[in-house]
Colleague: 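I have a structure here, written as structure tokens, and I will follow up with some questions on it.
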Amino acid sequence: MTHLLPTLPYAPDALAPKMSRETIEYHYGKHLQTYIDNVNKLVAGSPFESMTLDELVVKSDGTLFNNAAQAWNHTLFFEMLTPTPKPIPDALQSALTRDFGSVEAFKEAFAKAAVGLFGSGWVWLVSNGGELEIVAKPNAGNPLTDGLKPLMVLDVWEHAYYIDYRNRRADFVTAYWDLVDWEKVKLG
Ligand code: MN
């Protein structure tokens, strides 16, 4: 199958100024496009050619894994942003309170993991058999490889924030809370 750049559910300038049009143009338009192009080139003529991105993440390794996981991770990241954030749905609020003590405590722990992750990587909210957990993964890491279900993700590679926030990753994480689409967190 040919893997395609996912369509953004918002205009490229809709998240500005918290995430600028320039960041979307580079991060989505160039970085994500390149990962997808690389996957298509790497699977061509191989047994991986018929696999979905989910299957590739679980079954490949090396360069193919890196590109497939980066394509997967970015797809979820961009799909879960919105220019019009709404309150956290009751069911999610209850689950976060159950497993982290409160929504604020969850956000604090998630931000700490995001700021504390050395180098490039991703911070995830995952379901571990129904229990919510925060997982920080370096590089292209994806929780599917650990049998965990990804629920939301924040990209903390420098390319995600350097245009808008330069070296201030913590400010990017703070801005993320104003962009995340809680309604796309699928608990079930
Ligand atoms: Mn990225």
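FYI, the numbering just counts along the sequence from 1. Order of appearance sets the numbers: ligands from 1, and atoms from 1 within every ligand. Small disclaimer: the values here were computed from a predicted structure and weren't measured.
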Colleague: Specify whether His31 and Tyr35 have parallel, tilted or perpendicular ring planes, treating 30° as the upper limit for parallel and 60° as the lower limit for perpendicular.
Modeller: tilted
Colleague: Take the angle between the ring planes of Phe100 and Phe106 and call it parallel below 30°, perpendicular above 60°, tilted in between.
Modeller: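 Rings of Phe100 and Phe106: tilted, 30 to 60°.
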Colleague: Quick one: does NZ or CZ of Lys107 land under 6.0 Å from the six-membered ring centre of Phe110, within 45 degrees of the ring axis?
Modeller: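 No - Lys107 does not lie over the ring of Phe110 by the 6.0 Å and 45° rule.
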Colleague: Quick one: side chain to side chain contact (heavy atoms under 4.5 Å, CB included) partners of Ala14, sequence neighbours excluded?
Modeller: Tyr10, Ala11, Pro83
Colleague: If we ignore angles and hydrogens, is there a donor and acceptor under 3.5 Å between the side chains of Tyr161 and Arg169?
Modeller: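 Checked: Tyr161/Arg169 side chains pair up, N/O donor to acceptor below 3.5 Å.
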Colleague: Return the set of protein N, O or S atoms whose distance to the Mn ion (ligand 1) is under 2.8 Å, each given as residue and atom.
Modeller: His27 NE2, His74 NE2, Asp155 OD2, His159 NE2
Colleague: Kindly give the heavy-atom pair with the smallest separation between Leu132 and Ala95, and that separation in Å.
Modeller: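 Looking at all heavy atoms of both residues, the closest pair is CD1-CB, 3.7 Å.
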